[in-house]
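Below is one structure, written out as structure tokens; comments come after it.
In what follows, chains are A, B, ... by sequence order, proteins preceding strands, each numbered from 1. These numbers come from the heavy atoms of this one structure, side chains and all, not from hydrogens, waters or symmetry mates.
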Protein chains: 2
Amino acid sequence: MTARTPDSARDIPEATVARLPVYLRALTSLADDGTTTCSSEELAASAGVNSAKLRKDLSYLGSYGTRGVGYDVEYLRYQIAREIGVTQDWPVVIVGIGNLGHALANYSGFRSRGFRVVALLDADPDRHDEVVAGLDVRSFEDLESIVADNAVSIGVIATPAVAAQSVADRMVAAGITSILNFAPTVLSVPDGVDVRKVDLSIELQILAYHEQRKSVAPGTEVVS
Amino acid sequence: MTARTPDSARDIPEATVARLPVYLRALTSLADDGTTTCSSEELAASAGVNSAKLRKDLSYLGSYGTRGVGYDVEYLRYQIAREIGVTQDWPVVIVGIGNLGHALANYSGFRSRGFRVVALLDADPDRHDEVVAGLDVRSFEDLESIVADNAVSIGVIATPAVAAQSVADRMVAAGITSILNFAPTVLSVPDGVDVRKVDLSIELQILAYHEQRKSVAPGTEVVS
DNA sequence: CTCGTTTTGTTCTCCCGTTCACAAACTCCT
DNA sequence: AGGAGTTTGTGAACGGGAGAACAAAACGAG
Ligand SMILES: NC(=O)c1ccc[n+]([C@@H]2O[C@H](COP(=O)([O-])OP(=O)(O)OC[C@H]3O[C@@H](n4cnc5c(N)ncnc54)[C@H](O)[C@@H]3O)[C@@H](O)[C@H]2O)c1
Ligand SMILES: NC(=O)c1ccc[n+]([C@@H]2O[C@H](COP(=O)([O-])OP(=O)(O)OC[C@H]3O[C@@H](n4cnc5c(N)ncnc54)[C@H](O)[C@@H]3O)[C@@H](O)[C@H]2O)c1
């Protein structure tokens, strides 16, 4: 009964939080292969990180390993899932059922990772007849009631960039406090609301930058 | 004729590289609105960053601003585009034309940002009849010849996770040196090949973690 | 029970990135 | 021309994360 982590360690570094889902995926993969125990070295290789970093990350959650042995795959998997909060399902709404919205709605990886799409919303009335992945596309006007009825706290924006800010505003007003934004625009939201963005073009541009650097031979100083 | 940046400043920090595309987008947006000049404060607000950080980022490229005045929108836009390498078009191949692959192929934001999809490849022969976004879906076996004929250096993977590593290996063997991976798996590639990943589930899990933290009232130490 | 082996958890150091703060540089007004 | 006002570019302080290195703990053999 020493002063060890009373509830759960507070304030996990952001960089660690971003890696926990990767560890979770690696552990699930190991469990599927029938592995019951693994060392930090094996798990780190599986997750593509340094083993020292992995151990440090895990130490923020508590001491779930056994020295000289390693980690119990299933036990660690549960502990990480609990820490992230994906032991229960999170209801999610997707707004903007165009090209990307369709792909997201049909994506099975949601369900298996602790998220449940409860509604698909679009502003275009022509879309409202459609049924995608077993859900019918509903009017954006239904946002507030859907959020309230299903206790939704996570929203996904897949509308064109010009509409994204107004959609975000409506989401926030409706009570959503976490937004995943696929539109290529900067959203401004009040304190207390988290926004994460996924921007394909930015990723490609970063690759292009490094690619351009490769083509000029390394060490070639064009001086003359 | 002092010893100022002879060619262009070398070694731009990675964090800065990741923000340059955001600045580029903000500048394009300002230019569309008819703005010809802007201060670091305005541009920073537009890009959602601190103005000091913006100025330091831009200083790695050179001195393209005028003290007391600000930056010429069009000029700065071109300088950043040149630094990133998106003044010319980059040919791109997409492998795995399922739900996500279709959305990517139909995405117009590629073309407008310096990328050109030259081929859509899929292993499933049933897909090979299909025409998506004006391109026909071709056999994955054509990868090598397409990469060679079009000088492709960037590949996008949108296959299921189990296939991703083997697709990446084929891409690398064919001469691709930059990969954007949408499959939820860690890719291992040789040195000199860049991989960036986009993982929707990880983003949602990070949001879920913070969301879970919000629900326990801040400062509530459940001790008893 | 003791010793050697294995592997975790943690400490320490270094490096990268962020932010503050200010001098230098430019414009405009008088 | 000179001074006031504005905004850039950068030096310096600061904080957080990455990785090396090691002590503590568990296990098994004898
Ligand atoms: N398609 C891709 O692969 C891809 C890749 C990266 C980023 N994006 C971004 O994702 C977003 C969606 O892309 P897309 O290709 O699916 O576009 P899309 O035009 O096919 O779909 C957009 C959908 O949003 C709906 N919509 C428009 N305004 C709305 C509003 N105010 N409220 C609710 N719904 C509204 C439209 O009716 C349409 O159905 C865009 O911002 C795009 O830049 C797409
Ligand atoms: N759909 C989404 O919104 C979404 C979101 C996040 C991540 N992802 C990931 O993106 C990937 C694709 O998702 P999806 O929903 O489009 O899946 P999908 O099953 O609809 O499409 C996969 C496509 O890849 C093709 N394929 C399979 N093996 C191949 C191989 N060896 N070479 C070439 N092509 C091959 C299949 O024929 C199929 O057409 C998956 O890894 C998924 O986890 C998808």
At what distance, to the nearest 0.5 angstrom, does CZ of B:R25 lie from CG of B:L20? 13.0 Å

In whole angstrom, give the distance that lies between atom CD1 of A:I12 and atom C1' of D:dG16. 16 Å

Tell me the interatomic distance from A:D57, atom CG, to D:dA18, atom C1', rounded to whole angstroms. 10 Å

Per the under-4.0 Å heavy-atom filter, residues of residues 31-49 of chain B near DNA chain C come out as none

Please say which of B:S39, B:S46, B:S40 ends up in a side-chain hydrogen bond (donor to acceptor under 3.5 Å, both in side chains) with B:E42. B:S39

Point-to-point distance, once rounded to the nearest 0.5 Å, from CG of B:N181 to CE of B:M171: 9.0 Å

Using a cut-off of 4.0 Å between protein heavy atoms and nucleotide atoms, how would you tag nucleotides 24-30 of chain D 5' to 3' with B, S and -? BBSS---

Rounding to an integer number of Å, can you tell me how far B:L76 CG sits from D:dT8 P? 11 Å

For residues 156-165 of chain B, the side chain to side chain donor-acceptor pair (under 3.5 Å) pairs (sequence neighbours left out) are B:Q165-B:D169

Would you please say whether a donor-acceptor pair under 3.5 Å links the side chains of B:T177 and A:E211? yes

Ignoring hydrogens and geometry beyond distance, is a side-chain donor-acceptor pair present between B:Y78 and B:R82 at under 3.5 Å? no

What distance do B:L54 atom CG and B:E41 atom CD have between them, rounded to the nearest 0.5 Å? 9.5 Å

Cation-pi geometry met for B:R170 and B:F140 (6.0 Å, 45°): yes

Please list, for nucleotides 12-15 of chain D, all pairs of protein and nucleotide N/O atoms separated by less than 3.5 Å.
| unit_1 | atom_1 | unit_2 | atom_2 | d |
| --- | --- | --- | --- | --- |
| D:dA12 | N6 | B:K56 | NZ | 2.9 |

Let me know the distance between OH of B:Y75 and P of D:dT8, rounded to the nearest Å. 16 Å

Counted 5' to 3', the first and last nucleotides of DNA chain C within 4.0 Å (strictly under) of a heavy-atom of chain B are C:dG17 to C:dT27

Salt bridge (Lys or Arg N to Asp or Glu O under 4.0 Å) partners of residues 100-111 of chain A, not counting sequence neighbours, each pair once: A:D89-A:R111

Among A:V17, A:V86, A:D194, exactly one meets side chain to side chain contact (heavy atoms under 4.5 Å, CB included) together with B:Y209. Which residue is that? A:V17

When you match B:R55 and B:P13 each to their closest nucleotide on DNA chain C, which lands nearer the 5' end? B:P13

In whole angstrom, give the distance that lies between atom CG of B:L54 and atom P of D:dT10. 14 Å

For B:Y23 and B:D57, test the side chains for any donor-to-acceptor distance below 3.5 angstrom and give the result as yes or no. yes

Main chain of B:V152, side chain of B:N150: is a donor-acceptor contact present, judged purely on distance under 3.5 Å? no

Quick one: pull up CG in A:L76 and OH in A:Y64 and give me the separation to the nearest 0.5 Å. 9.0 Å

